[in-house]
Chemist: 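Next up is a structure, given as structure tokens.
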Amino acid sequence: MCTVVSDSEQQEQEQRHIEKLQVFKIQGRDKRGRKILQVIGKYFPARILSVDAVNRYLEERVFPKLEKRPFSVLYIHTDVERGENFPGISALRSIYDAVPVNVKNNLEAVYFVHPGLQARLFLATFGRLMFSGGFYGKLKYVSRLDYLWEHVRRSEVELPDFVHDHDEDLEYRPMMDYGLESDHPRVYGAPSVDSPVAMYSMRCIS
């Protein structure tokens with residue numbers, strides 16, 4: 001016998017899934033004393049979540065905790081894959097449009113960690129069309145964690161191990177940050193850009 005799940009029940013299940021994965025988390029403050037809304041891109045299950053469920057989760061469980069005060073967003077783009085974690089352009093636009101005006105106005109900075117070349121190109125083109133000019137002006141690319149700690153209170157922010165591991169990889173292979181070499185594990189110190197095994201990363205949003 002087939003069990004029929006209503007839309008509201010489906011959204012509730014999806015919201016519990018978001019909560020369990022800790023995609024969105026308010027944690028710590030930046031050096032201007034603003035609360036930080038941390039978003040872990042790798043944890044976002046884009047293939048199974050509906051836009052409505054995400055919007056409802058933000059409206060009910062995230063925005064109220066910001067207390068109608070200025071805040072910043074710490075977005076971790078490390079290891080994001082287009083087919084797994086990227087919800088698509090139309091979904092991003094729908095989520096952004098659903099954010100209340102007062103929340104948009106209180107957002108004062110977006111720290112975009114480990115953006116990569118493709119993410120920069122995406123935001124420089126589609127991003128300008130999707131988001132308001134005010135939002136784009138608040139965007140700050142952070143290629144290394146050392147630069148992040150110049151803006152964020154390090155003792156108050158906990159990042160997943162894979163973020164630190166990737167940051168260490170970039171120290172050994174800086175060209176990987178710009179999509180000029182493969183991000184597949186290999187021996188540090190081996191030839192990188194000039195090596196025949198080096199390749200341009202073709203991940204769309206990486």
Chemist: Do the side chain of K42 and the main chain of V163 share a donor and acceptor less than 3.5 angstrom apart?
Modeler: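 No, K42 side chain to V163 backbone: no donor-acceptor pair under 3.5 Å.
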Chemist: What distance separates L74 CG from F112 CZ, expressed to the nearest 0.5 Å?
Modeler: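 Nearest 0.5 Å value for the CG-CZ distance: 11.0 Å.
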Chemist: Got a sec: does the CZ of F162 have more than 12 other heavy atoms crowding it under 6.0 Å?
Modeler: yes
Chemist: Could you measure the distance from the CD atom of Q13 to the CD1 atom of I18? Nearest 0.5 Å is fine.
Modeler: 12.5 Å
Chemist: Which pair of heavy atoms, one from V103 and one from F71, lies closest together, and at what distance?
Modeler: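 So the minimum-distance heavy-atom pair works out to O-CE2, 3.4 Å.
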Chemist: Return the set of residues passing side-chain contact (heavy atoms from CB on, under 4.5 Å) with D52 (not counting sequence neighbours), or none when no residue passes.
Modeler: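 Residues passing side-chain contact (heavy atoms from CB on, under 4.5 Å) with D52: Q11, S50.
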Chemist: One pair to check against side-chain contact (heavy atoms from CB on, under 4.5 Å): I40 and V23. What are the steps and the verdict?
Modeler: CA-CA 5 Å; I40 308 294; V23 179; 5.7 Å; no
Chemist: Hey, what do you get for CZ (R34) to NE2 (H151), rounding to the nearest 0.5 Å?
Modeler: 10.0 Å
Chemist: To the nearest 0.5 Å, what is the distance between OG1 (T78) and CG (D169)?
Modeler: 10.5 Å
Chemist: Just by modelled atom types, is the L107 backbone N or O under 3.5 Å from a matching donor or acceptor in the K138 side chain?
Modeler: yes
Chemist: So do the side chains of R69 and N106 get within less than 4.5 Å of each other, counting heavy atoms only?
Modeler: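 R69 vs N106: side chains apart.
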Chemist: Rounded at 0.5 Å granularity, tell me how far CZ in F63 sits from CZ in F24.
Modeler: 8.5 Å
Chemist: Taking all atoms of both residues into account, what is the closest heavy-atom pair of S143 and D167, and its distance?
Modeler: O-OD1, 4.0 Å
Chemist: In this structure, are over 12 heavy atoms from other groups packed under 6.0 Å from D161 atom CG?
Modeler: no
Chemist: For L170 versus R144, what's the shortest heavy-atom pair and its separation?
Modeler: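 Here L170 and R144 meet closest at O-NH2, 3.3 Å.
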Chemist: Go through the steps to decide whether Q38 and L159 satisfy the test side-chain contact (heavy atoms from CB on, under 4.5 Å), and finish with yes or no.
Modeler: CA-CA 9 Å; Q38 185 180 123; L159 299 177; 4.1 Å; yes
Chemist: Determine the minimum heavy-atom distance between E12 and R61, stating which atoms define it.
Modeler: OE2-NH2, 3.3 Å
Chemist: With no hydrogens and no angle check, do the side chains of Y57 and E14 hold a donor and an acceptor under 3.5 Å apart?
Modeler: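 E14 and Y57 do not have a side-chain donor-acceptor pair below 3.5 Å.
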Chemist: H114 and ring pair (Phe, Tyr, Trp, His ring centres under 6.0 Å): which partner among H164, H77, H166?
Modeler: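 Checked H164, H77, H166 against H114; only one passes ring pair (Phe, Tyr, Trp, His ring centres under 6.0 Å): H166.
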Chemist: Tell me the closest heavy-atom pair linking R29 and E156, and the distance in Å.
Modeler: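 Heavy atoms of R29 and E156 come nearest at N-OE1, 3.0 Å.
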Chemist: For the pair Q118 and F122, evaluate side-chain contact (heavy atoms from CB on, under 4.5 Å) and give the outcome as yes or no after the intermediate values.
Modeler: CA-CA 6 Å; Q118 295 300 319; F122 172 81; over 6 Å; no
Chemist: Hey, mind stepping through E60 and Q15 against side-chain contact (heavy atoms from CB on, under 4.5 Å) and telling me if it holds?
Modeler: CA-CA 10 Å; E60 296 179 357; Q15 289 188 58; 3.8 Å; yes
Chemist: Decide, yes or no, whether a salt bridge links E108 with R32 under the criterion of side-chain N to carboxylate O below 4.0 Å.
Modeler: no
Chemist: When you compare the side chain of V99 with that of F135, does any pair of heavy atoms fall below 4.5 Å?
Modeler: no
Chemist: Are side-chain heavy atoms of F44 and L21 found at a separation under 4.5 Å?
Modeler: no
Chemist: To the closest 0.5 Å, what do you measure between NZ (K140) and CG (L148)?
Modeler: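 The NZ atom of K140 sits 12.0 Å away from the CG atom of L148.
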Chemist: Kindly give the heavy-atom pair with the smallest separation between N55 and S94, and that separation in Å.
Modeler: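 Looks like ND2-O, 4.1 Å.
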Chemist: Hey, does the Lys NZ or Arg CZ of K104 hover above the aromatic six-ring of Y96, less than 6.0 Å from the centre and inside 45° of the axis?
Modeler: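 Verdict for Y96: a cation-pi partner in K104.
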Chemist: Does NZ in K31 sit with more than 12 non-hydrogen atoms of other residues, nucleotides or ligands closer than 6.0 Å?
Modeler: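 Correct, the count exceeds 12.
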